[in-house]
Each structure stands twice: as structure tokens, then as C-alpha cells.
Amino acid sequence: MITAFVDMLGLLMVVPLLPFYAQEMGGGGLWVGILVSAFSLAQLLSAPLWGRVSDRYGRRPALLVGLGAAAIAYVVFAFAHSLWLLLLSRLIQGAGGGTVGVLQAYVSDATAPKDRAKSLGWLSAATNAGVTIGPVIGSASLGWGESAPGLIAAGLCVVNMAFAWAYLSETHVGSANDPSVRSDVRPRDVIRRVLTAPGEPAPRLIWIYAIGIGAFMGYTGILALFLAARFGITEKTIGFVFMWNGAISVLVRALLLGRLVDWLGEARLSRLGQGLLAIGLFLLPLTYRVGSETLFTLPNGVGVEARFLFLIGVMTLVPLGTAFTFPCVTAMLSHVIDARERGVVMGVQQSFGGVARVAFPLLTGWAWDHLGTPYPFWISAALVFGTLLLAFGIRTRGEGEDAPVPLAFAPAPAPAAD
């Protein structure tokens with residue numbers, strides 16, 4: 001969790017500054033889009049490879065190399081004086097950022113099945129805390145010069161590597177220390193199975209994760225436009241909206257998720273999360289239709305309208321839904337696959353999520369321009385509701401240690417020769 005927090009802290013120190021740096025170097029909106037997409041593309045391609053490396057050689061070396069790549073990227077960012085160097089830094093950074101699946105596999109290795117969803121929720125809370133704090137530190141460090149955010153982020157990566165070297169022990173049973181139990185499952189084997197056998201438990205969980213994360217990213221991308229058009233939110237006040245969403249996400253994952261998993265179980269809680277996410281997306285376009293009468297007045301004289309309270313309630317459903325869905329789905333995925341496959345399968349899960357992160361904002365943006373205000377949210381809501389059909393009937397092992405399961409994604413053996 002500490003490793004994930006510091007890693008995300010460094011990343012978010014530089015990401016919000018990227019458009020401003022690009023503009024200073026003569027880049028327009030297209031270049032900003034290219035720089036943003038470059039990170040996602042590199043992460044998309046590298047995640048399964050990092051997962052396979054961690055399955056064959058261990059989680060620890062994969063994390064250390066990934067953190068080292070991120071440190072190099074931040075140094076390039078700090079001294080970049082051209083758009084092409086900025087692009088190079090983003091590609092290196094995205095390649096190093098492909099270790100998210102490795103971190104999830106590490107947590108799955110290191111925790112008992114009954115504690116996995118709670119632990120993955122803590123991991124997600126740690127990354128969300130880094131998302132909340134990183135931009136503030138990055139902006140404040142500009143007082144020391146334009147290179148300061150990148151150099152500080154690189155320094156944090158080096159400290160993070162030292163911490164991981166000292167305190168992260170190897171957890172994977174199929175690492176280089178135990179070659180007799182390695183898996184030879186390759187990323188393309190997993191991708192092929194997800195595409196051709198979507199009815200199997202592991203592919204179903206990967207599709208649930210990808211559609212859910214895509215819907216959330218589409219919502220995030222279009223939310224500011226909706227709030228500006230319907231509620232008069234500006235660039236000076238939109239930050240409070242995202243701070244609210246981030247705070248709800250962190251608090252629920254840290255304080256509530258574990259208790260609910262113990263009470264409802266991972267499968268029920270993930271379905272509850274999918275339902276809350278879909279309902280929140282569906283209701284959001286309807287919030288501005290609620291009456292604008294003032295319910296009460298704050299001590300500073302500002303009146304609170306009914307529609308704003310309804311808006312806050314509906315928007316709260318979205319981070320609640322994601323907080324319940326993603327850790328539970330990832331924990332369930334760790335149960336239905338062999339421990340030797342965790343790295344590569346969770347890397348592929350991140351790749352499918354990466355595709356969704358790119359596709360859904362494009363879809364919702366197009367729907368906003370051509371279909372009208374409600375449709376970006378309603379399309380996403382319909383797709384998330386559809387994932388509930390995939391969620392039913394998936395059974396995972398109960399409490400205790402993982403029981404042996406066959407390699408779910410291993411290629412079929414070649415037929416014997418005559």
C-alpha cells in the first residue's frame with residue numbers, strides 16, 4: 001500500500017502540469033491528447049508483459065524495474081524542452097505504470113482469500129489518496145522551478161525503490177526461486193480466451209471490470225461539461241466536486257469495504273456496486289429537473305437548493321459503486337485462477353481496462369455532441385446494468401487457503417504424433 005501510494009503520488013504530481021508544459025512548447029489540444037494517450041497506450045501494452053515477468057521471475061523484481069522506469073521518465077520530464085521529449089517521458093512512464101496488475105497480484109499472493117477484497121480495497125484507497133494529494137504537491141513545488149515537480153517525483157521513485165527493496169519480500173510461488181511450479185501461460189493465451197470464451201468465470205470478471213472502469217472514466221470525462229451546462233459549475237469550483245468523489249472513494253474503501261465483504265460476501269457486494277454505479281449514472285441527467293427552491297440557508301447566507309442536494313446524493317452513488325465493484329471483482333478473479341497465473345491474468349485485466357479507459361470517453365464525448373445531454377450517462381448506465389447478467393452464477397472458493405485449480409488459460413496441448 002505504501003509503495004502504491006508513493007507511486008501514484010509521483011504520477012499525479014506531473015500529470016496536471018502536462019497540458020501547460022505542452023502549450024509552452026507550442027503544442028495545441030491535439031498534442032495534449034497525444035501525450036495523454038501515449039501513457040495509456042504504453043500501459044496497455046506493458047501490463048500483460050509485466051504480469052508474465054512477475055509470474056516467471058517474481059513480483060518484487062518486476063515492481064523494482066517498473067519503479068526504476070518511472071524514475072527515468074520523471075527525469076526526462078523535468079528536463080524536457082521539446083514536445084518529443086515530453087512524449088518520450090510519457091511512453092517510459094506508461095511502460096513503468098504497467099505494474100498495477102503486479103501490485104494487485106502481490107496483494108492477492110500475500111493475503112488469505114477471505115481478506116483479499118478488503119486488502120485490494122486498501123490498495124485502491126492508497127492510490128486514491130495519492131491522486132488527491134499529488135496535484136497539490138506538484139503545483140506547490142513549481143515555486144522551486146519548472147523542473148522541480150519531475151525531479152521530486154523521480155526522487156520519490158528512488159525512495160520507493162529503496163523501501164520496496166528493504167521491506168517487500170517475494171510472495172509468488174512460481175518465481176525464479178521455485179522454477180518447478182512456473183506457468184508458461186502467455187498474455188495472448190489469456191486475451192484469446194477472454195475474447196472467445198466470455199462465459200467462463202475469469203473472462204466474465206475481466207469484462208465486468210473493463211466495462212465498469214470504462215463507464216466511470218466516461219462519466220469523469222463528461223461530468224464537468226454537464227455540471228457547467230446545468231448547474232453553473234466553473235473551473236474554479238469543479239475541483240471541489242472531484243475532491244468529494246475522491247474522499248468518498250478513499251473513506252469507503254478504507255473503513256467500510258471490509259465489513260461489508262464479511263457481511264455480504266464478494267459476489268453480492270460486487271453486484272450491489274454494479275447496481276449503484278448504474279443507478280447513479282442513470283439518475284445524474286435527471287438531477288437538474290429537481291426543484292430549485294431553497295431548503296435552508298448556511299451561516300454565510302448562501303442558500304442550499306433542493307437540486308444541489310439531490311445532485312450530491314446521486315454523485316455519491318458513483319464512487320460508492322466503484323468502491324464496492326472493483327476490489328471485489330479483482331478478488332474474485334484471484335480465486336478462480338491458479339496462483340501461478342495471477343500476474344499475467346491481472347495484467348490482461350488492466351489492459352482490457354486500458355482499452356475501456358480510451359474507448360468510453362470517446363463514446364461519451366461523441367454522444368454528448370450528437371445525441372444530447374442525458375445520453376452519455378444513459379449509455380454507460382445501460383452497459384453497466386448489462387454486466388449484472390455476467391455477474392450472476394460466478395462462484396469462488398470459500399475462506400481458507402486457495403485450493404488447487406487447473407491452469408485456466410494454458411494453451412491446449414498439441415495432439416500426439418502417430
Side-chain angles (χ1 to χ4, degrees), residues 1-9 11-12 100 103-137 163 167-168 205 208-209 212-213 215-217 219-220 223 239-281 283-284 309-335 346 353 384 391 396 398-399:
M1 287 176 223
I2 294 172
T3 302
F5 167 73
V6 177
D7 188 32
M8 192 58 64
L9 182 71
L11 176 63
L12 266 294
V100 174
L103 279 167
Q104 292 177 338
Y106 190 106
V107 172
S108 298
D109 293 340
T111 55
K114 66 182 180 64
D115 296 324
R116 229 166 254 166
K118 177 170 62 177
S119 299
L120 288 165
W122 272 95
L123 182 71
S124 184
T127 58
N128 275 274
V131 169
T132 304
I133 299 172
V136 178
I137 298 177
F163 174 86
Y167 294 106
L168 285 183
L205 290 166
I208 291 170
Y209 178 89
I213 197 70
F216 178 69
M217 293 304 296
Y219 154 86
T220 302
L223 180 61
F240 294 105
V241 175
F242 284 92
M243 184 181 295
W244 172 263
N245 286 338
I248 293 295
S249 183
V250 171
L251 290 174
V252 170
R253 284 170 163 87
L255 303 178
L256 193 59
L257 181 65
R259 297 177 184 180
L260 288 176
V261 168
D262 292 339
W263 179 36
L264 297 174
E266 294 161 355
R268 289 192 186 93
L269 187 58
S270 69
R271 292 197 294 269
L272 174 62
Q274 292 165 256
L276 291 175
L277 176 58
I279 291 170
L281 292 170
L283 291 179
L284 189 65
L309 286 182
F310 187 46
L311 174 67
I312 292 171
V314 169
M315 285 198 306
T316 301
L317 295 178
V318 174
L320 279 176
T322 58
F324 295 155
T325 301
F326 300 142
C328 289
V329 167
T330 302
M332 292 166 66
L333 181 63
S334 75
H335 296 320
M346 290 183 176
V384 174
T396 61
E399 298 182 356

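One is the number of the first residue; the rest follow in order along the sequence. Any value given below was found using the heavy atoms of this structure, including those in side chains, with hydrogens, waters and symmetry copies removed.
- Proximity of Tyr106 to Thr3: side-chain heavy atoms (C-beta onward) are nowhere separated by under 4.5 Å.
- The shortest side-chain heavy-atom distance between Met315 and Leu223 falls under the 4.5 Å cut-off.
- What you find for Val384 and Ala278 is that their closest heavy atoms are CG1-CB, 3.8 Å.
- Nearest heavy atom pair, residue Ala126 against residue Met1, reads CB-O, 3.5 Å.
- Contact of the Val252 side chain with the Phe324 side chain is registered, since non-hydrogen atoms from C-beta on lie closer than 4.5 Å.
- Expressed to the nearest 0.5 Å, how far CH2 of Trp263 lies from CG of Leu256 amounts to 10.0 Å.
- Taking both residues in full, the closest heavy atoms of Gln274 and Ala391 are given as OE1-CB, 3.6 Å, listed atom of the first, atom of the second, then distance.
- The minimum heavy-atom distance between Ala323 and Leu257, with the atom names listed, is O-CD1, 3.7 Å.
- Leu284 is listed as a side-chain neighbour of Leu311, based on a closest heavy-atom distance under 4.5 Å.
- With a 6.0 Å radius and a threshold of 12 heavy atoms from other residues, nucleotides or ligands, Ile2 has its CD1 atom at or below the threshold.
- Between Gly212 and Leu277, the shortest heavy-atom distance links the atoms O-CD2, 4.0 Å.
- With Cys328 as the fixed residue, the side-chain contact (heavy atoms from CB on, under 4.5 Å) test singles out one of Leu272, Leu264, Val261, Leu205: Val261.
- Separating the CD1 atom in Ile208 from the CD1 atom in Ile213 is a distance of 14.0 Å, to the nearest 0.5 Å.
- The nearest pair of heavy atoms linking Leu281 to Ala215 is CD1-CB, 4.1 Å.
- Rounded to the nearest 0.5 Å, atoms OG (Ser270) and OH (Tyr209) are 14.0 Å apart.
- Taking CD from Glu266 and OG1 from Thr330, the interatomic distance works out to 10.0 Å, rounded to the nearest 0.5 Å.
- Between the CH2 atom of Trp244 and the CD1 atom of Ile312 there is a distance of 6.5 Å, given to the nearest 0.5 Å.
- No side-chain heavy atom of Leu276 sits less than 4.5 Å from a side-chain heavy atom of Val318.
- For the atom pair Leu317 CG and Leu283 CG, the distance stands at 7.0 Å (nearest 0.5 Å).
- Looking only at distances, no side-chain donor or acceptor of Thr325 sits under 3.5 Å from a matching main-chain atom of Thr322.
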